[in-house]
Amino acid sequence: MKHHIVQEAYLRQWSKNGQLCLYSIPENKIMERGPNWKGFYRIDYNVLDGDTGYDYIPEKITAHIDDEGLKAIKKIDIKNQTGLDGYDKSCLAFYFALQYLRVPRRRDEFNKLANVTFNEFFKENFKSSIETDFDINKIIEEEDNHKIRDHIKNQIKGKTEEQIKKEVIDLIDNDGLILEINNVGQSKQMIKHIENISKQLFYSKWTFLISPKDTSFATSDNPCFVYSNKQMFNGILSLETKSYFPLRPDLCLVIEPVSYKNNSEVFLKISKEEVREINNLILENSYNCILTRDRSHLEKLTSRYNYSNHKKTKEVKVYKNGEYTLFNLE
């Protein structure tokens, strides 16, 4: 199965004659592709563990969240400025959280954070623990994936315990060592965070921005993103941020966390210039591509974009104050 990082039915809202007009940032090129274009899925992002047959987040569950979220989006009536009932709003909050968590940008940032944290806090302790408390047979017994288990057995065949320890320590000391979250790990992270994020989003301030008739909102392969003028504490639930999600070409949702439970929904008609500003944010926060309803809008939006300096992800910065260490994505 292929894990879609952006729902095909959601993308179809931007299509004309069954095609999407999109701008590929790495190629600096405008092209037309179908909503099922391979750029919107990742084979290695499959949430099913095929080796064990165990479903951490079954594809059908994420598909259900997608479907219910899109239904809620279609119910939003901008003409009469009619919002959502409790169920539909919760569906959209879950849809927002799922879309925010499952994209390549979020996975890359998690990997960067894991590597910096490991090197700062755990590397030396891990090396020490190998000398005093390392049991390769126990590691093999606890490994569920038979392919990994067999690979480990082949790697240590004919080696003494001291040789194995030395090889592991040398591997950890290698500057080229990179930690990466696997499919199971990403699934567990989604399980851990999606409910809390969606609940906090539900009780935040919601503003539905309506575009003028002569323009529209863009979207991208990273449609849900967070913007803040602050360098620190700029996560999706921070009081210093705004989270954006273009729901369809004529409508963009902006969520602002508040210090109290807020269940309000505000509709706001904005100018063409304000739509352009938001589309610039969408472009800056995209991963590999951005798309618009009309080609002319896309050409204007990307004509002067410095694609060679595009940042696909944030970088991890480390701040130290005595014994206290802070890791920040910025």
Side-chain angles (χ1 to χ4, degrees), residues 5 26 42 44-45 47 49 56 100-140 142-145 147-149 151-152 154-156 159-194 196-197 222 225-226 228 230-238 240-241 284-285 287-288 309-330:
I5 57 172
R42 294 288 187 278
D44 61 339
Y45 275 44
V47 293
D49 187 345
Y56 285 91
Y100 174 80
L101 289 169
R102 69 179 168 193
V103 290
R105 182 183 178 110
R106 210 68 53 229
R107 186 161 173 169
D108 287 357
E109 289 175 348
F110 182 87
N111 286 337
K112 287 182 178 181
L113 190 59
N115 280 278
V116 174
T117 305
F118 178 77
N119 288 324
E120 287 286 332
F121 285 153
F122 303 114
K123 187 173 183 176
E124 293 304 318
N125 288 338
F126 191 50
K127 286 163 59 179
S128 298
S129 69
I130 291 173
E131 293 288 356
T132 59
D133 187 29
F134 181 77
D135 188 341
I136 188 63
N137 293 319
K138 185 178 179 181
I139 294 173
I140 294 173
E142 293 178 349
E143 176 55 59
D144 292 330
N145 190 310
K147 289 185 179 179
I148 296 177
R149 190 165 58 244
H151 178 72
I152 295 174
N154 289 331
Q155 291 293 312
I156 67 172
K159 297 177 182 177
T160 65
E161 183 175 327
E162 291 305 314
Q163 286 176 319
I164 297 170
K165 286 183 179 181
K166 183 180 184 306
E167 287 186 5
V168 173
I169 291 175
D170 289 344
L171 176 64
I172 295 170
D173 273 334
N174 189 333
D175 292 335
L177 175 65
I178 298 176
L179 302 178
E180 292 186 344
I181 189 172
N182 58 19
N183 300 334
V184 173
Q186 186 185 30
S187 298
K188 288 181 177 179
Q189 286 295 314
M190 290 169 67
I191 290 172
K192 180 179 179 181
H193 296 298
I194 190 171
N196 179 56
I197 291 177
N222 183 53
F225 63 92
V226 177
S228 174
K230 304 288 184 179
Q231 190 176 41
M232 308 293 287
F233 307 111
N234 52 18
I236 189 171
L237 301 181
S238 171
E240 305 291 340
T241 64
E284 290 170 7
N285 286 275
Y287 191 74
N288 278 326
N309 288 335
H310 178 72
K311 289 181 62 177
K312 296 174 69 171
T313 65
K314 295 179 179 179
E315 297 298 327
V316 181
K317 297 294 179 67
V318 181
Y319 298 92
K320 292 190 176 183
N321 184 7
E323 295 183 355
Y324 182 76
T325 303
L326 174 68
F327 303 95
N328 192 54
L329 283 166
E330 53 191 63

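Here, residue 1 is the first one in the sequence, and each next residue gets the next number. Remember, it's a predicted structure, so these values are computed and weren't measured experimentally.
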Look at atom CG of Asn321 and say whether more than 12 heavy atoms of other residues, nucleotides or ligands are closer to it than 6.0 Å.
no
Is there a side-chain contact between Asn288 and Lys312, using heavy atoms and a 4.5 Å cut-off?
yes
Of all the heavy-atom pairs spanning Leu179 and Ala114, show the shortest one and how long it is.
CD1-O, 4.1 Å
Point-to-point distance, once rounded to the nearest 0.5 Å, from CG of Leu101 to CD of Gln189
9.0 Å
Can you confirm whether more than 12 heavy atoms, excluding those of Lys311, are under 6.0 Å from its NZ atom?
yes
Rounded distance [0.5 Å steps], CZ in Arg105 versus OG1 in Thr313:
6.5 Å
Any non-hydrogen side-chain atom of Arg106 less than 4.5 Å from a side-chain atom of His193?
no
What heavy-atom pair brings Asn115 and Asn111 nearest, and what distance separates the two atoms?
ND2-O, 2.7 Å
To the nearest 0.5 Å, how far apart are CG in Asp135 and CD in Glu142?
8.5 Å
Which heavy atom of Gln163 sits nearest a heavy atom of Thr160, and at what distance?
OE1-N, 2.8 Å
Once you round to the nearest 0.5 Å, how far does NE2 of His310 lie from CG of Asn285?
8.0 Å
If I take atom OG1 from residue Thr117 and atom CZ from residue Phe110, how far apart are they, to the nearest 0.5 angstrom?
8.5 Å
Would you call Glu109 and Lys112 a salt bridge, using N to O less than 4.0 angstrom?
no
Of all heavy-atom pairs linking Leu237 and Ile197, the shortest is CD2-O, 4.2 Å
Arg107 vs Ile181, side-chain contact (heavy atoms from CB on, under 4.5 Å): CA-CA, chis, key distance, verdict:
CA-CA 8 Å; Arg107 186 161 173 169; Ile181 189 172; 3.6 Å; yes
Quick check: do Val103 and Phe225 have side-chain heavy atoms less than 4.5 Å from each other?
no
Would you say the side chain of Phe327 lies within less than 4.5 Å of the side chain of Val116, judging by non-hydrogen atoms?
yes
Is a side-chain N or O of Asn328 found less than 3.5 angstrom from the main chain of Gln231, in a donor-acceptor match?
yes
To the nearest 0.5 Å, what is the distance between CD1 on Ile5 and CG on Asn222?
8.5 Å
Is the closest side-chain heavy-atom distance between Phe134 and Ile164 below 4.5 Å?
yes
Is there a donor-acceptor pair closer than 3.5 Å between any side-chain N or O of Thr241 and the backbone N or O of Gly235?
yes
Neighbour count above 12 (heavy atom, 6.0 Å) for Lys192 NZ
no
Side-chain heavy atoms of Ile140 within contact of Ile156, under 4.5 Å
yes
Nearest atoms (heavy-atom pairs only) where Glu240 meets Phe233:
CB-O, 4.1 Å
Note: Met232 and Leu326 closest approach over all heavy atoms is CE-CD2, 2.7 Å
